[in-house]
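I have placed the structure first, in the form of structure tokens, so that the comments after it can refer back to it.
Note: hydrogens, waters and symmetry copies are ignored here, and every other heavy atom, side chains too, is used. Nothing here was measured: the structure is a model prediction, and the numbers come from that model.
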Amino acid sequence: MSNYINLLPAGLFELFAEATSSGRITIADRYGLMAALLQNSLSEEEQSILDRLLYGVRRGRPQVVNEISNVE
């Protein structure tokens with residue numbers, strides 16, 4: 001039996017919006033990014049969003065935190 005990680009439809013766009021507004025990427029967000037990277041069927045727009053997020057992380061914005069979620 002194989003385990004698959006799938007990103008919810010429009011999940012990458014929501015992840016980008018949340019990371020941009022909060023300035024943080026949580027553990028759950030990192031799993032979402034991993035799921036997006038493992039998909040072989042990203043659209044050009046989704047790939048651009050993913051590239052922008054990863055570029056931002058390399059530059060230190062948004063901040064990567066060791067919390068499960070931004071929800072308090």
Evaluate the criterion side-chain contact (heavy atoms from CB on, under 4.5 Å) for residue pair L50 and L37; output intermediate values, then yes/no.
CA-CA 8 Å; L50 186 59; L37 285 168; 3.4 Å; yes
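- Across all non-hydrogen atoms, the minimal contact from P62 to A19 is CB-O, 3.8 Å.
- By the criterion of side-chain heavy atoms lying less than 4.5 angstrom apart, applied directly or through intervening Ile, Leu, Val, Met, Phe, Trp or Tyr residues, I68 is grouped together with M34 in one hydrophobic cluster.
- Within the 4.5 Å cutoff, the side chain of L33 has heavy atoms near those of the L15 side chain.
- R30 places none of its side-chain heavy atoms less than 4.5 Å from the side chain of V57.
- For the 3.5 Å distance criterion, the side chains of T26 and D29 qualify, holding a donor opposite an acceptor.
- Looking at heavy atoms from C-beta onward, T20 lies out of side-chain contact with L53 at the 4.5 angstrom threshold.
- Heavy atoms only, all atoms of each residue included: L42 and Q47 are closest at CD1-OE1, 3.6 Å.
- Judged by distance alone, the side chain of S48 and the main-chain N or O of E44 form no donor-acceptor pair under 3.5 Å.
- Not one N or O on the side chain of R24 forms a donor-acceptor pair closer than 3.5 Å with the backbone of E67.
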